[in-house]
Protein chains: 2
Amino acid sequence: MNVADKLPPVHDDLEAGGEYRLHEQVGFVLRKANQRHLSIFAAHVGDLTPPQFAALARLHEVGETSQNQLGQLIAMDAATIKGVIDRLKKRGLVTLKPHTLDRRRLVVGLSEEGRVLVERLLPVAMRITAETLKPLNAREAEIFLKLLGKIADG
Amino acid sequence: MNVADKLPPVHDDLEAGGEYRLHEQVGFVLRKANQRHLSIFAAHVGDLTPPQFAALARLHEVGETSQNQLGQLIAMDAATIKGVIDRLKKRGLVTLKPHTLDRRRLVVGLSEEGRVLVERLLPVAMRITAETLKPLNAREAEIFLKLLGKIADG
DNA sequence: GCAAACTCGTTTGTATACGAATGATACGCC
DNA sequence: GGCGTATCATTCGTATACAAACGAGTTTGC
(Lines give C-alpha, C1' and ligand atoms only; values in the text may rest on other atoms or scores of the structure.)
Protein backbone atom coordinates (compact mmCIF):
# COMPACT_ATOMS: atom_id res chain seq x y z
CA MET A 1 0.00 0.00 0.00
CA ASN A 2 1.27 3.38 -0.97
CA VAL A 3 0.83 6.69 0.78
CA ALA A 4 0.30 8.41 -2.55
CA ASP A 5 -2.78 6.29 -3.18
CA LYS A 6 -4.50 7.99 -0.29
CA LEU A 7 -3.96 11.53 -1.52
CA PRO A 8 -7.15 13.46 -2.12
CA PRO A 9 -7.88 14.27 -5.76
CA VAL A 10 -6.36 17.56 -6.74
CA HIS A 11 -8.52 20.09 -8.52
CA ASP A 12 -6.97 22.04 -11.35
CA ASP A 13 -7.38 25.75 -11.19
CA LEU A 14 -5.55 26.73 -14.28
CA GLU A 15 -6.14 30.45 -14.31
CA ALA A 16 -3.37 32.59 -12.81
CA GLY A 17 -0.52 30.96 -14.69
CA GLY A 18 2.26 32.45 -12.61
CA GLU A 19 1.17 31.18 -9.24
CA TYR A 20 2.67 28.52 -7.08
CA ARG A 21 0.88 25.23 -6.83
CA LEU A 22 2.69 22.35 -5.24
CA HIS A 23 1.15 19.69 -7.45
CA GLU A 24 2.59 21.43 -10.50
CA GLN A 25 6.13 21.49 -9.23
CA VAL A 26 8.10 18.81 -11.05
CA GLY A 27 9.98 17.71 -7.98
CA PHE A 28 6.85 16.94 -6.07
CA VAL A 29 5.23 15.00 -8.89
CA LEU A 30 8.46 13.16 -9.63
CA ARG A 31 8.55 12.08 -6.03
CA LYS A 32 5.00 10.79 -6.19
CA ALA A 33 5.65 8.98 -9.46
CA ASN A 34 8.64 7.36 -7.85
CA GLN A 35 6.54 6.27 -4.90
CA ARG A 36 4.00 4.65 -7.15
CA HIS A 37 6.69 2.83 -9.08
CA LEU A 38 8.32 1.68 -5.85
CA SER A 39 5.10 0.14 -4.65
CA ILE A 40 4.52 -1.62 -7.98
CA PHE A 41 8.07 -2.94 -7.86
CA ALA A 42 7.67 -4.19 -4.31
CA ALA A 43 4.44 -5.96 -5.21
CA HIS A 44 6.18 -7.86 -8.00
CA VAL A 45 9.51 -8.58 -6.42
CA GLY A 46 9.26 -8.27 -2.67
CA ASP A 47 12.65 -9.39 -1.49
CA LEU A 48 14.81 -7.10 -3.61
CA THR A 49 14.82 -3.32 -3.89
CA PRO A 50 15.07 -1.44 -7.21
CA PRO A 51 18.65 -0.31 -6.50
CA GLN A 52 19.64 -3.87 -5.65
CA PHE A 53 18.05 -5.13 -8.82
CA ALA A 54 19.68 -2.39 -10.86
CA ALA A 55 23.06 -3.44 -9.54
CA LEU A 56 22.45 -7.09 -10.37
CA ALA A 57 21.07 -6.26 -13.82
CA ARG A 58 24.08 -4.12 -14.69
CA LEU A 59 26.47 -6.77 -13.46
CA HIS A 60 24.67 -9.24 -15.69
CA GLU A 61 25.11 -6.84 -18.59
CA VAL A 62 28.74 -5.88 -18.16
CA GLY A 63 30.24 -8.76 -16.17
CA GLU A 64 32.72 -8.04 -13.40
CA THR A 65 33.61 -4.45 -12.49
CA SER A 66 34.99 -2.52 -9.61
CA GLN A 67 32.55 -1.42 -6.97
CA ASN A 68 32.73 2.29 -7.71
CA GLN A 69 32.51 1.76 -11.45
CA LEU A 70 29.35 -0.26 -10.97
CA GLY A 71 28.04 2.61 -8.91
CA GLN A 72 28.67 5.02 -11.74
CA LEU A 73 26.90 2.71 -14.17
CA ILE A 74 23.74 2.90 -12.10
CA ALA A 75 24.13 6.47 -10.85
CA MET A 76 25.01 5.75 -7.24
CA ASP A 77 27.74 7.44 -5.31
CA ALA A 78 30.45 5.43 -3.58
CA ALA A 79 28.83 5.43 -0.16
CA THR A 80 25.49 4.26 -1.50
CA ILE A 81 26.74 1.50 -3.76
CA LYS A 82 28.79 0.16 -0.88
CA GLY A 83 25.70 -0.47 1.21
CA VAL A 84 23.88 -2.06 -1.71
CA ILE A 85 26.77 -4.38 -2.50
CA ASP A 86 27.23 -5.26 1.17
CA ARG A 87 23.63 -6.42 1.40
CA LEU A 88 23.81 -8.35 -1.87
CA LYS A 89 27.02 -9.96 -0.67
CA LYS A 90 25.46 -10.95 2.62
CA ARG A 91 22.77 -12.77 0.66
CA GLY A 92 25.30 -14.47 -1.57
CA LEU A 93 24.09 -12.84 -4.78
CA VAL A 94 27.42 -11.22 -5.64
CA THR A 95 31.06 -12.13 -5.16
CA LEU A 96 33.86 -9.81 -4.11
CA LYS A 97 37.56 -10.21 -4.77
CA PRO A 98 40.56 -7.90 -4.85
CA HIS A 99 41.75 -6.58 -8.21
CA THR A 100 45.00 -8.21 -9.27
CA LEU A 101 46.72 -5.12 -10.63
CA ASP A 102 45.16 -2.25 -8.71
CA ARG A 103 45.12 -3.06 -5.04
CA ARG A 104 42.67 -0.27 -4.26
CA ARG A 105 39.92 -1.91 -6.26
CA LEU A 106 37.31 -4.45 -5.28
CA VAL A 107 36.02 -6.55 -8.16
CA VAL A 108 32.32 -7.33 -7.96
CA GLY A 109 30.69 -10.16 -9.87
CA LEU A 110 27.45 -12.11 -9.97
CA SER A 111 27.39 -15.36 -8.05
CA GLU A 112 25.66 -18.31 -9.61
CA GLU A 113 22.57 -17.66 -7.51
CA GLY A 114 22.73 -14.02 -8.47
CA ARG A 115 22.84 -14.89 -12.15
CA VAL A 116 19.89 -17.25 -11.88
CA LEU A 117 17.91 -14.66 -9.93
CA VAL A 118 18.58 -11.84 -12.39
CA GLU A 119 17.64 -13.94 -15.36
CA ARG A 120 14.40 -14.89 -13.68
CA LEU A 121 13.65 -11.26 -12.86
CA LEU A 122 14.47 -9.59 -16.18
CA PRO A 123 11.02 -10.34 -17.68
CA VAL A 124 9.41 -9.29 -14.40
CA ALA A 125 11.18 -5.94 -14.61
CA MET A 126 9.66 -5.32 -18.01
CA ARG A 127 6.22 -6.09 -16.63
CA ILE A 128 6.87 -3.65 -13.79
CA THR A 129 7.71 -0.94 -16.30
CA ALA A 130 4.59 -1.79 -18.28
CA GLU A 131 2.41 -1.58 -15.20
CA THR A 132 3.95 1.72 -14.14
CA LEU A 133 3.20 3.12 -17.58
CA LYS A 134 -0.32 1.71 -17.61
CA PRO A 135 -2.01 5.11 -17.11
CA LEU A 136 -0.62 6.05 -20.53
CA ASN A 137 -1.45 4.63 -23.94
CA ALA A 138 1.35 3.32 -26.14
CA ARG A 139 2.01 6.60 -27.91
CA GLU A 140 1.97 8.60 -24.67
CA ALA A 141 4.27 6.09 -23.01
CA GLU A 142 6.81 6.43 -25.78
CA ILE A 143 6.71 10.22 -25.60
CA PHE A 144 6.91 10.15 -21.83
CA LEU A 145 9.99 7.95 -21.78
CA LYS A 146 11.70 10.19 -24.31
CA LEU A 147 10.99 13.36 -22.35
CA LEU A 148 11.80 11.75 -19.01
CA GLY A 149 15.12 10.68 -20.42
CA LYS A 150 15.89 14.26 -21.38
CA ILE A 151 15.01 15.45 -17.89
CA ALA A 152 17.15 12.79 -16.30
CA ASP A 153 20.19 13.44 -18.46
CA GLY A 154 19.98 17.22 -18.24
CA MET B 1 27.61 17.89 -8.05
CA ASN B 2 25.45 14.99 -9.00
CA VAL B 3 26.40 11.38 -9.55
CA ALA B 4 24.10 11.20 -12.54
CA ASP B 5 26.10 13.90 -14.29
CA LYS B 6 29.04 11.58 -14.49
CA LEU B 7 27.19 8.74 -16.19
CA PRO B 8 28.59 7.81 -19.57
CA PRO B 9 26.34 8.68 -22.51
CA VAL B 10 24.02 5.83 -23.29
CA HIS B 11 23.76 4.66 -26.86
CA ASP B 12 20.37 3.65 -28.14
CA ASP B 13 20.20 0.32 -29.80
CA LEU B 14 16.58 0.27 -30.71
CA GLU B 15 16.37 -3.00 -32.57
CA ALA B 16 15.11 -6.00 -30.60
CA GLY B 17 12.13 -4.25 -29.03
CA GLY B 18 11.40 -6.90 -26.41
CA GLU B 19 14.77 -6.93 -24.73
CA TYR B 20 15.77 -5.63 -21.36
CA ARG B 21 17.74 -2.43 -21.20
CA LEU B 22 18.13 -0.77 -17.84
CA HIS B 23 18.09 2.75 -19.19
CA GLU B 24 14.63 2.14 -20.63
CA GLN B 25 13.11 0.96 -17.39
CA VAL B 26 10.94 3.76 -16.02
CA GLY B 27 12.03 3.22 -12.46
CA PHE B 28 15.66 3.72 -13.24
CA VAL B 29 15.09 6.85 -15.29
CA LEU B 30 12.68 8.25 -12.73
CA ARG B 31 15.37 7.80 -10.12
CA LYS B 32 17.91 9.66 -12.23
CA ALA B 33 15.46 12.45 -13.00
CA ASN B 34 14.84 12.77 -9.29
CA GLN B 35 18.57 12.97 -8.64
CA ARG B 36 18.99 15.76 -11.13
CA HIS B 37 16.10 17.68 -9.65
CA LEU B 38 17.47 17.19 -6.16
CA SER B 39 20.79 18.66 -7.14
CA ILE B 40 19.13 21.64 -8.82
CA PHE B 41 17.02 22.20 -5.72
CA ALA B 42 20.03 22.01 -3.43
CA ALA B 43 21.91 24.52 -5.57
CA HIS B 44 19.07 27.02 -5.24
CA VAL B 45 18.05 26.49 -1.64
CA GLY B 46 20.82 24.78 0.25
CA ASP B 47 19.57 24.72 3.78
CA LEU B 48 16.17 23.13 3.17
CA THR B 49 15.30 19.81 1.54
CA PRO B 50 12.45 19.37 -0.96
CA PRO B 51 10.31 17.44 1.56
CA GLN B 52 10.86 20.14 4.16
CA PHE B 53 9.92 22.81 1.66
CA ALA B 54 6.87 20.83 0.55
CA ALA B 55 5.69 20.69 4.15
CA LEU B 56 6.16 24.42 4.65
CA ALA B 57 4.50 25.25 1.35
CA ARG B 58 1.47 23.13 2.13
CA LEU B 59 1.18 24.62 5.58
CA HIS B 60 1.23 28.04 3.97
CA GLU B 61 -1.56 26.93 1.66
CA VAL B 62 -3.87 25.26 4.13
CA GLY B 63 -2.96 26.80 7.46
CA GLU B 64 -2.82 24.66 10.58
CA THR B 65 -3.40 20.92 10.35
CA SER B 66 -2.63 17.79 12.24
CA GLN B 67 0.71 16.20 11.63
CA ASN B 68 -0.61 13.11 9.87
CA GLN B 69 -3.00 15.09 7.73
CA LEU B 70 -0.15 17.29 6.56
CA GLY B 71 1.69 14.09 5.71
CA GLN B 72 -1.18 12.93 3.56
CA LEU B 73 -1.28 16.28 1.80
CA ILE B 74 2.31 15.84 0.67
CA ALA B 75 2.30 12.06 0.29
CA MET B 76 4.39 11.13 3.32
CA ASP B 77 3.59 8.38 5.74
CA ALA B 78 3.32 9.06 9.46
CA ALA B 79 6.86 7.99 10.29
CA THR B 80 8.40 10.15 7.58
CA ILE B 81 6.42 13.32 8.24
CA LYS B 82 7.31 13.05 11.91
CA GLY B 83 11.01 13.33 11.16
CA VAL B 84 10.46 16.23 8.77
CA ILE B 85 8.34 18.14 11.28
CA ASP B 86 10.80 17.42 14.08
CA ARG B 87 13.60 19.00 12.10
CA LEU B 88 11.51 21.99 11.09
CA LYS B 89 10.45 22.42 14.70
CA LYS B 90 14.03 22.29 15.88
CA ARG B 91 14.78 25.18 13.54
CA GLY B 92 11.79 27.14 14.71
CA LEU B 93 10.04 27.15 11.33
CA VAL B 94 6.88 25.45 12.56
CA THR B 95 4.91 25.46 15.78
CA LEU B 96 3.35 22.45 17.50
CA LYS B 97 0.45 22.43 19.92
CA PRO B 98 -2.05 19.84 21.09
CA HIS B 99 -5.47 19.75 19.48
CA THR B 100 -8.12 21.10 21.83
CA LEU B 101 -10.82 18.55 21.08
CA ASP B 102 -8.88 15.48 19.97
CA ARG B 103 -6.08 14.78 22.37
CA ARG B 104 -4.40 12.37 19.99
CA ARG B 105 -3.67 15.09 17.47
CA LEU B 106 -0.76 17.46 17.16
CA VAL B 107 -1.56 20.70 15.41
CA VAL B 108 1.22 21.97 13.16
CA GLY B 109 1.46 25.55 12.01
CA LEU B 110 3.93 27.93 10.41
CA SER B 111 5.91 30.11 12.73
CA GLU B 112 6.50 33.70 11.76
CA GLU B 113 9.99 32.82 10.53
CA GLY B 114 8.55 29.87 8.66
CA ARG B 115 6.01 32.08 6.93
CA VAL B 116 8.61 34.62 5.91
CA LEU B 117 10.90 31.88 4.63
CA VAL B 118 8.18 30.17 2.57
CA GLU B 119 7.08 33.39 0.99
CA ARG B 120 10.64 34.15 0.03
CA LEU B 121 11.10 30.68 -1.44
CA LEU B 122 7.90 30.32 -3.46
CA PRO B 123 9.31 32.16 -6.49
CA VAL B 124 12.56 30.24 -6.13
CA ALA B 125 10.62 26.98 -6.28
CA MET B 126 9.13 28.01 -9.60
CA ARG B 127 12.59 28.76 -10.94
CA ILE B 128 13.74 25.34 -9.76
CA THR B 129 10.92 23.72 -11.69
CA ALA B 130 11.79 25.80 -14.73
CA GLU B 131 15.43 24.78 -14.56
CA THR B 132 14.56 21.12 -14.12
CA LEU B 133 12.38 21.33 -17.22
CA LYS B 134 14.99 23.24 -19.19
CA PRO B 135 15.91 20.28 -21.42
CA LEU B 136 12.36 20.52 -22.80
CA ASN B 137 10.75 23.27 -24.83
CA ALA B 138 7.52 24.82 -23.63
CA ARG B 139 5.24 22.42 -25.47
CA GLU B 140 7.22 19.38 -24.38
CA ALA B 141 7.26 20.58 -20.79
CA GLU B 142 3.51 20.91 -20.75
CA ILE B 143 3.04 17.43 -22.19
CA PHE B 144 5.60 16.00 -19.81
CA LEU B 145 3.93 17.42 -16.73
CA LYS B 146 0.57 16.09 -17.88
CA LEU B 147 1.90 12.58 -18.48
CA LEU B 148 4.00 12.58 -15.31
CA GLY B 149 0.91 13.54 -13.36
CA LYS B 150 -0.92 10.53 -14.77
CA ILE B 151 1.94 8.24 -13.82
CA ALA B 152 2.08 9.67 -10.32
CA ASP B 153 -1.64 9.38 -9.68
CA GLY B 154 -1.99 5.92 -11.19
C1' DG C 1 62.35 9.36 -9.45
C1' DC C 2 59.44 11.70 -6.59
C1' DA C 3 56.08 14.95 -4.81
C1' DA C 4 51.52 16.47 -5.95
C1' DA C 5 47.22 15.22 -7.51
C1' DC C 6 43.99 11.93 -8.10
C1' DT C 7 41.30 7.50 -7.40
C1' DC C 8 39.23 3.65 -4.65
C1' DG C 9 36.92 2.14 -0.94
C1' DT C 10 35.41 3.19 3.74
C1' DT C 11 33.30 5.57 7.58
C1' DT C 12 30.43 9.07 9.76
C1' DG C 13 26.61 12.05 9.91
C1' DT C 14 22.22 13.60 8.30
C1' DA C 15 17.76 13.11 5.81
C1' DT C 16 14.26 10.71 3.44
C1' DA C 17 11.20 6.61 3.05
C1' DC C 18 8.36 2.79 4.49
C1' DG C 19 6.66 -1.50 7.14
C1' DA C 20 5.27 -3.04 11.46
C1' DA C 21 4.22 -2.73 16.19
C1' DT C 22 2.46 0.01 20.13
C1' DG C 23 -0.10 3.05 23.47
C1' DA C 24 -3.44 6.53 23.86
C1' DT C 25 -7.52 8.26 22.40
C1' DA C 26 -11.86 8.63 19.75
C1' DC C 27 -15.77 6.64 17.38
C1' DG C 28 -19.43 3.29 15.88
C1' DC C 29 -22.83 0.29 16.75
C1' DC C 30 -25.75 -2.17 19.39
C1' DG D 1 -22.70 2.64 28.28
C1' DG D 2 -19.40 -0.21 26.73
C1' DC D 3 -16.76 -2.96 23.47
C1' DG D 4 -14.63 -3.58 19.11
C1' DT D 5 -12.58 -0.88 15.64
C1' DA D 6 -10.31 2.92 13.77
C1' DT D 7 -7.15 6.86 14.05
C1' DC D 8 -3.04 9.61 15.76
C1' DA D 9 1.44 9.88 16.93
C1' DT D 10 5.53 7.41 18.13
C1' DT D 11 9.20 4.04 17.89
C1' DC D 12 12.12 0.51 15.79
C1' DG D 13 14.30 -1.60 12.00
C1' DT D 14 15.93 -1.50 7.36
C1' DA D 15 17.33 0.67 2.95
C1' DT D 16 18.47 4.33 -0.01
C1' DA D 17 20.98 8.81 -0.78
C1' DC D 18 24.67 12.18 -0.49
C1' DA D 19 28.42 15.27 1.63
C1' DA D 20 32.64 15.24 3.78
C1' DA D 21 36.75 13.41 5.48
C1' DC D 22 40.00 9.71 5.58
C1' DG D 23 43.83 6.12 4.55
C1' DA D 24 45.86 3.42 1.20
C1' DG D 25 47.26 3.06 -3.37
C1' DT D 26 48.21 4.87 -8.20
C1' DT D 27 49.20 8.18 -11.77
C1' DT D 28 51.09 12.66 -13.46
C1' DG D 29 54.15 16.36 -13.91
C1' DC D 30 58.34 17.81 -14.00
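Note on naming: letters A, B, ... go to the chains in the order of the sequence lines (proteins, then strands), and numbering restarts at 1 for each one. Predicted model only: the values in this text are computed from it and were never measured.
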**OP:** Kindly say if A:Gln69 contacts the phosphate of C:dG9, meaning a side-chain N or O under 4.0 Å from OP1 or OP2.
**Re:** no
Original post:
Start at the 5' end of DNA chain C and walk down; is the nucleotide closest to B:Ala79 or to B:Gly83 reached first?
Top reply: B:Gly83
**OP:** Between C:dA17, D:dT11, D:dC18, spot the one nearest the side chain of A:Asp77, thanks.
**Re:** D:dC18
Original post:
Does A:Lys134 come within less than 4.0 Å of A:Glu131, counting only side-chain N to carboxylate O?
Top reply: no
Original post:
Rounded to whole angstroms, how far apart are CZ on B:Arg103 and P on D:dA9?
Top reply: 15 Å
**OP:** Check the distance between C:dC8's P and A:Leu70's CG and give it to me in whole angstrom.
**Re:** 13 Å
Original post:
Which comes earlier along DNA chain D counting from the 5' end, the contact point of A:Leu101 or that of A:Lys90, where each point is its nearest nucleotide?
Top reply: A:Lys90
**OP:** Report yes or no: does B:Arg58 contribute a side-chain atom to a donor-acceptor pair with the main-chain N or O of B:Leu70 at less than 3.5 Å?
**Re:** no
Subject >> Distance, rounded to the nearest Å, where A:Leu38 contributes CG and D:dA17 contributes C1' >> reply: 13 Å
Subject >> d(CG, B:Asp102; C1', D:dA6) in whole Å >> reply: 12 Å
**OP:** Please figure out whether B:Arg31 or B:Val107 has its closest DNA chain D nucleotide nearer the 5' end.
**Re:** B:Val107
**OP:** Select one nucleotide: of C:dA17, D:dT10, D:dA17, the one nearest the side-chain heavy atoms of A:Pro51.
**Re:** D:dA17
**OP:** Take atom CZ of B:Arg105 and atom P of D:dC8, then tell me their distance rounded to the nearest Å.
**Re:** 6 Å
**OP:** Specify the separation, in whole Å, of atom CG of A:Asn34 and atom P of C:dA17.
**Re:** 9 Å
Original post:
Within the pair A:Gln67 and C:dT10, is there a side-chain N or O less than 4.0 Å away from OP1 or OP2?
Top reply: yes
Original post:
What does B:Leu88 touch in the nucleic acid at a heavy-atom separation under 4.0 angstrom: a base, only the sugar-phosphate, or nothing?
Top reply: nothing
Original post:
Could you state the CZ-P distance from B:Arg87 to C:dA17, rounded to the nearest angstrom?
Top reply: 10 Å
Original post:
Less than 3.5 Å between a donor and an acceptor, one on the side chain of B:Arg104 and one on the base of D:dT7, is that the case here?
Top reply: yes
Original post:
Which heavy atom of A:His37 sits nearest a heavy atom of A:Ile128, and at what distance?
Top reply: NE2-CG2, 3.7 Å
Subject >> Neighbour count above 12 (heavy atom, 6.0 Å) for B:Glu142 CD >> reply: no
Original post:
Does the side chain of A:Gln35 get closer than 4.0 angstrom to OP1 or OP2 of C:dT16 through an N or O atom?
Top reply: no
Original post:
How would you label the contact of B:Thr49 with the nucleic acid (heavy atoms, under 4.0 Å): base, sugar-phosphate, or nothing?
Top reply: sugar-phosphate
Original post:
How long is the line joining NE2 of B:His99 and P of D:dA9, in whole Å?
Top reply: 10 Å
Subject >> Pairing of B:Asp86 and B:Lys90 as salt bridge, 4.0 angstrom limit >> reply: no
